[in-house]
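Just so we're on the same page: letters track the sequence lines, and every chain starts at 1. Everything numeric here is computed off the predicted structure, so don't read it as measured data.
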Amino acid sequence: MTQYWLFKSEPDCFSIDDLAQQSAQTARWDGVRNFQARNFLRDNVTLGNWVFFYHSRCKAIGVVGIAEVTRAAYPDPQQFDPQSPYFDPKSDSDNPRWFCVDITLKRKFSHMVSLEQIKQIQALDDMMLRKQGRLSIQPVSVHEWQIINQLAT
DNA sequence: GCCAACGTTGGC
DNA sequence: GCCAACGTTGGC
């Protein structure tokens, strides 16, 4: 069973520093609108799991820190809010389509582990990050987790 | 900002 | 149920 994950965020939208500024350094990870990512979030991401916080679509791409899942999946409230950009008229409150979790910041790396570094390490060739670039919630193996952790220290 | 990759939608 | 059109993601 997977315990480790990688969550992508565009830092212009929500960065690890934004997470650090939340009360209790905890934030709702919402707005996931991709079915594969949704399935991971809803069915496999569980309380106490560890998460690599990844900055995408920006100048410095890579893993910037570690968070912990502090609330397991619950329906993403934004799907029911017509004012929200994440509003989904096709979602039914009795059978919600989209889910979110809460995460709490555990550690911000003093220096990030860049995508460029990751690409240079053969043992990380099979990371989903490399195989399926667009998936925003993805499992990380224990081995991959350890390697990236070591790179960050 | 561009563009390739790829997921989603909707007409047939 | 196929597939073209369209929209979005994400590295560069």
Side-chain angles (χ1 to χ4, degrees), chain A residues 2 4-22 27-46 49-69 72-103 105-141 143-152:
Chain A
T2 307
Y4 302 105
W5 304 92
L6 183 146
F7 287 10
K8 289 182 188 173
S9 183
E10 298 180 27
D12 288 347
C13 181
F14 189 79
S15 71
I16 194 161
D17 291 325
D18 293 327
L19 178 58
Q21 282 164 24
Q22 303 295 307
R28 173 183 292 155
W29 201 268
D30 54 8
V32 172
R33 294 294 180 271
N34 167 283
F35 287 106
Q36 201 181 352
R38 187 281 311 267
N39 291 345
F40 280 133
L41 208 54
R42 183 189 59 188
D43 304 332
N44 301 110
V45 176
T46 56
N49 283 183
W50 297 97
V51 174
F52 279 145
F53 198 114
Y54 179 91
H55 283 172
S56 68
R57 245 184 163 210
C58 55
K59 277 193 176 162
I61 300 165
V63 179
V64 290
I66 292 173
E68 185 182 359
V69 177
Y74 59 101
D76 181 346
Q78 291 205 74
Q79 68 196 307
F80 304 122
D81 175 7
Q83 305 304 316
S84 167
Y86 294 111
F87 176 62
D88 184 350
K90 291 180 191 163
S91 186
D92 175 359
S93 58
D94 291 332
N95 185 21
R97 183 184 269 203
W98 305 112
F99 289 79
C100 56
V101 298
D102 289 354
I103 64 166
L105 183 62
K106 287 291 151 183
R107 180 153 90 95
K108 183 187 167 182
F109 292 159
S110 50
H111 41 98
M112 71 182 305
V113 179
S114 70
L115 177 61
E116 203 173 340
Q117 273 177 282
I118 290 169
K119 284 161 77 174
Q120 283 167 6
I121 294 166
Q122 208 168 11
L124 299 177
D125 281 351
D126 289 335
M127 278 191 83
M128 287 196 86
L129 193 62
R130 305 287 316 280
K131 306 246 157 176
Q132 202 177 333
R134 298 185 52 187
L135 192 59
S136 63
I137 303 279
Q138 50 182 265
V140 172
S141 75
H143 190 218
E144 292 158 355
W145 181 270
Q146 288 168 346
I147 292 171
I148 288 172
N149 253 312
Q150 274 179 2
L151 288 171

> Can you list, by residue number, the residues of residues 86-99 of chain A that have a non-hydrogen atom closer than 4.0 angstrom to DNA chain C?
Replying inline: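 Residues of residues 86-99 of chain A under 4.0 Å from DNA chain C: none.
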
>> Please list, in numerical order, the residues of residues 113-122 of chain A that have a heavy atom closer than 4.0 Å to any atom of DNA chain C.
In response: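 Here the set is A:Leu115, A:Lys119.
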
> Any side-chain heavy atom of A:Leu151 sitting closer than 4.5 Å to one from A:Val63?
Replying inline: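 SC-SC contact between A:Leu151 and A:Val63 ruled out.
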
>> Is it the case that the base of C:dT8 and the side chain of A:Arg134 share a donor-acceptor contact (distance under 3.5 Å, atom types as modelled)?
In response: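 Per atom types, the contact qualifies.
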
> Got a sec, which residues hit side chain to side chain contact (heavy atoms under 4.5 Å, CB included) with A:Tyr74, two or more places apart in sequence or on another chain?
Replying inline: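 Counting only residues at least two positions away or on another chain, A:Tyr74 forms a side chain to side chain contact (heavy atoms under 4.5 Å, CB included) with A:Arg28, A:Arg71, A:Cys100, A:Asp102.
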
> Residues two or more places apart in sequence or in another chain: which of them pass side chain to side chain contact (heavy atoms under 4.5 Å, CB included) with A:Ser136?
Replying inline: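 A:Lys8, A:Ala37.
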
> For A:Asn34 and C:dG7, what is the distance between atoms CG and C1' respectively, to the nearest whole Å?
Replying inline: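 In whole Å, C:dG7 C1' lies 13 Å from A:Asn34 CG.
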
> To the nearest Å, how far apart are A:Lys8 NZ and C:dT8 C1'?
Replying inline: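 From A:Lys8 NZ to C:dT8 C1': 13 Å.
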
>> Distance check, rounded to the nearest 0.5 Å: A:Glu68 atom CD versus A:Trp5 atom CH2?
In response: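 Here the rounded value is 15.0 Å.
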
>> Nearest 0.5 angstrom please: A:Leu129 CG to A:Arg134 CZ, how far?
In response: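 Here the rounded value is 14.5 Å.
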
> Within the pair A:Tyr54 and C:dG11, is there a side-chain N or O less than 4.0 Å away from OP1 or OP2?
Replying inline: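 Indeed, a polar side-chain atom of A:Tyr54 lies that close.
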
> Do A:Gln138 and A:Gln36 have a side chain donor and acceptor closer than 3.5 Å?
Replying inline: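 No, no side-chain donor-acceptor pair sits under 3.5 Å.
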
>> I'd like to check the salt bridge (Lys or Arg N to Asp or Glu O under 4.0 Å) partners of A:Asp125; sequence neighbours left out, ordered by chain and number.
In response: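 A:Arg130.
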
> Partners of A:Phe7 by ring pair (Phe, Tyr, Trp, His ring centres under 6.0 Å), sequence neighbours excluded?
Replying inline: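 Here the qualifying residues are A:Trp29.
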
